[in-house]
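Remarks on the structure that follows.
Here is how names work: the chains are called A, B, and so on, in the same order as the sequence lines, proteins then strands, and each is numbered from 1.
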Amino acid sequence: MRYLYYPGCSAEATGKAYDISTRALMGKLGVELVELDDWNCCGATSYFSVRELDSFAIAARNLAIAEKQGDEDLCVICNACYTTLAKTNRYMAESAEVREAVSGALGAVDRTYSGNKPVRHIMDVLVNDIGLEALGEKVTRRLTGLKVACYYGCQYSRPMGDFDDPEFPVTMDKFFQALGAEVITDFAGKAKCCGGMMMLTKEEGALRMCHELLKGAHDAGADVIVCACPLCEMNVEGYQPRVNKTFGTNFDMPVMYFTQLAGLAFGADPKQLAIDKQIVSCDRVVAAIPA
Amino acid sequence: MAEDRIAVYFCHCGSNIAGKVDVDKVVAWAAEQPNVAIAREYKYMCSDPGQDLIKEDIQQHGINRVVVAACSPTMHEPTFRKAAAAAGLNPYLLQMANVREHCSWVTVDKGEATEKAKRILNAQIHRLPFNEALDPIEVPVNPAVLVVGGGIAGIEAALKLAATGKKVYLVEKNPSIGGHMAMFDKTFPTLDCAACILTPKMSAAGKDPNIELMAYSEVVEVDGYVGNFKVKVKKKARFVNTDTCTGCAACLETCVVRKVPSEFDQGLGKRSAIYIPFPQAVPLRATIDAEKCLTLKGKKCKQPCVTSCGPGAIDFEQKDELVELEVGAIIMATGFELWDPGQDARYGYGRLDNVITSLEFERISNASGPTNGEIVCKNGEPPKSVAILHCIGSRDLNYQEHCSRVCCMYSLKFSHLIKEHLPDTEVYELYIDMRCFGKGYEEFYRRLMDEGVHMVRGRAAEVTDLAMSPEEEGRLIVKTEDTLLGIVRRIPADMVILSSGLAPAKDAKAVSQTFGFGCSGDGFFLERHPKLEPVSTITDGIFIAGCCQYPKDIPDTVAQAGAAAAGALALVDNPTVKVEPTISYIDPEKCAGCHICVGLCPHVAIRYNEELKVAEVITAACKGCGVCVAACGSNVPQQHGYLDNQIFAEIEGAMAF
Ligand SMILES: Cc1cc2nc3c(=O)[nH]c(=O)nc-3n(C[C@H](O)[C@H](O)[C@H](O)COP(=O)(O)OP(=O)(O)OC[C@H]3O[C@@H](n4cnc5c(N)ncnc54)[C@H](O)[C@@H]3O)c2cc1C
Ligand code: SF4
Ligand code: SF4
Ligand code: SF4
């Protein structure tokens, strides 16, 4: 199995652990990831809110490179990158105006793009290409007894719901169940927004959103929250002290990239998965997994 | 033969056509075409003065062929053909050119629309010289009527028809008639008890000597045409002899399978494998659920039902039965289905306890329901706060675009019932707009505000059990934007009622195909004309009434049922009806007797004449579908009104420039 791989720019900064653990996990699963040449930022939500047409072109540059580089599907790890790239395909298919604008912009840098490169979320690849059964068989360290709250975030399957329900997704739940974990399937915060970039502009609002997530996971007895997006991860993990200060709570909740926890199940060691880089210590989580 | 003198009439249809098509240009062009003697335009051809133009030209100017370029022939072809006939011209020498639905409504550019209109018109100008004069075929009418669906619509239509002395077959798929209305406790806005007004009608329908009630039955095949439908009805096996069963219900108590979720109680109550759906059922007869009964599943059972049944009515050998009916008209009254709110995960239906549907609430609040009318949560406690969420699955582009029309009103009814039972309970109505459209409805809304119900303008965003404050602990929380206060609210509730929209039945499309008419984009049955023929379908002799056409309340349903009954009566009260002569014929000289068409005709209208060794069309059975025409290898069957030379001339006309 081979995929083109788009890490996204967070993966070179705050989300480095996501990239590291993704490579380790996929290595353990025998999936080859070929990093996209000379990729650029997907534009995420910010570009789109300023100049929509330009942002399609920026995202499409990556897709054009991918189309040229290989026939494999493009695997994406960050929810925001995934939504942005998939949305570009969709808009190009639906709107002649977008198609023309994108083609024009790409033409200026001698590139072309058909609009047809399949963009795949890594969770979609794991659950639907490899399959739950095959994953279950490859597990070397089952996550038995570990209570996991899967935090999908607001852009995981919204708005298109290409591979999961947009409002109440379940793929990550099934994934961790296949790995032996006890998943909190009715975790009410699973597809809520973490506050995103609002943490920098309207912190009190974003903190309230994180508070709700943390409380939901905590009250349901979670040992760990797992994420599929660098921004979610940073907000929910890194802002716990401020949530505690603002709301008088006492959270000390381990938060991991889902690839980190899954990596453990497939026999990678914590260092390989950059688990030691987490802000809230995950030693408890690692220790709780039966050897 | 006299020379062809064609008159062309180009209708503006107000601005519907003239807004897009350059009418003057097309008419001037038409006047120049071969065989065209007169070309005129008029604002509304369907109006009396418009029709008079046609009549005058026929009578005074020797016009012998007419083309009206206007709307779809399904709309006004009969109108114009009647006008031609009144002036002494054979109506089949008039053709319509559809320049509205096929042209002005669907073309953006004016120049293109004008060119297209010319081609559409030219096709008919070329065709007309080949048209033959035809005479409608007069056939006898069977005076009986079939009503499909035994909800309030079907019951009402059946009773009305029966009162005129006509024979009515009332086919209902469930063991009892009554439909949704039978499940309600009260009805808005008058709050009369649903059972008190419905039960007498149900039992009247059950007893009427002119009504043959066929419950637990479904129509499986429909053939024939207006005035002469042949219908096959499958009477599903009840495994109880309905002639001897007295409806005493003794068997119900003894059945060993007792925990089957009751469909009538929306799964909130239980029934046994042998059951009567509710005490007022009509017909009041037991039915054995073959999927649940141990004996019928081939398992061991002591069959206490058999021993407890005094009249010995239970019959495990009973089989489905196919009954053939002949009727002159059909009324469809198959109703609606509640939209399944589990499809929208935000509201937690099926996941969160005490999030219930409106129909479930109807059963809970019903004195003969699973809680004997006590409004209680799953734990048996009365709720301290109830939130009623409007527009679930309605007015939502993700699901159904339409407004379901009755849910605002039934939601208000629920508020009233809750306040009546539990005066201290807080009730919240979360609405987008309050649509209280009927007689006494706005007044009812006002009354509810006086009863202390909280009206919150905002579509609910989500129902969660994630408590964020002590007072929310252990309860449901409804999140919404209150668009009047301009704030986001979290409303704690112990019970959340989802006012689900009305959806077309899942099998609506299949049913409409069995009967041979269509559904509209929203999935409900398509009426012939939304304003002027709301109870007719595109198929002559088939009418629709009630919620199978579109969501509506009981008053509108009953009114429509009456209109459908009148429509059916106006048909079956005549000894004969004229049907279109556009049917097929087979020239015995040319037919090679290969049989191909015999097997392909969907209406069994072709028989093989063993003596002459040729196929023959049975005139009375042919529906003019054209299958045989297309199928024959030697091109022998021809259909009047659609002869090969007519079609080819049309194509040539359309492609002429
Ligand atoms: C929760 C709720 C509360 C309501 N409260 C009120 C109220 O208080 N006042 C009011 O005016 N309106 C109310 N309404 C609206 C009311 O239910 C409808 O107006 C009414 O039921 C429509 O009647 P109907 O006969 O068209 O359809 P239905 O009641 O749906 O009856 C259709 C019947 O046809 C049968 N059927 C379906 N398919 C077939 C088939 N293929 N072959 C044979 N039989 C078939 C069904 O089994 C059923 O018996 C409410 C609706 C809901 C959902
Ligand atoms: S089947 Fe027999 S026992 Fe059951 S209701 Fe009918 S008569 Fe009564
Ligand atoms: S045979 Fe047994 S299971 Fe079937 S209806 Fe009778 S008692 Fe119930
Ligand atoms: S009737 Fe009211 S609740 Fe029902 S869809 Fe229309 S607006 Fe919404």
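At least one donor-acceptor pair closer than 3.5 Å links the side chain of A/Q240 to the backbone N or O of A/M253. A distance-only check finds no donor-acceptor pair linking the side chain of B/H402 to the backbone of B/S404 [under 3.5 Å].
Between B/F361 and B/I375, some side-chain heavy-atom pair lies under the 4.5 Å cut-off.
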### Message
Walk me through whether B/K378 and B/D353 qualify under salt bridge (Lys or Arg N to Asp or Glu O under 4.0 Å).
### Response
CA-CA 7 Å; B/K378 209 169 172 192; B/D353 281 346; 3.2 Å; yes
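Interface with chain B: from residues 151-181 of chain A, residues A/D165, A/E167, A/F168 qualify, criterion being any non-hydrogen pair under 4.5 Å.
Contact between B/Y399 and B/G393 at its shortest, heavy atoms only, is CB-O, 4.2 Å.
Contacts of B/R346 with chain A are made by both backbone and side-chain atoms, with heavy-atom separations under 4.5 Å.
Ring-centre distance between A/F56 and A/F48: below the 6.0 Å cut-off.
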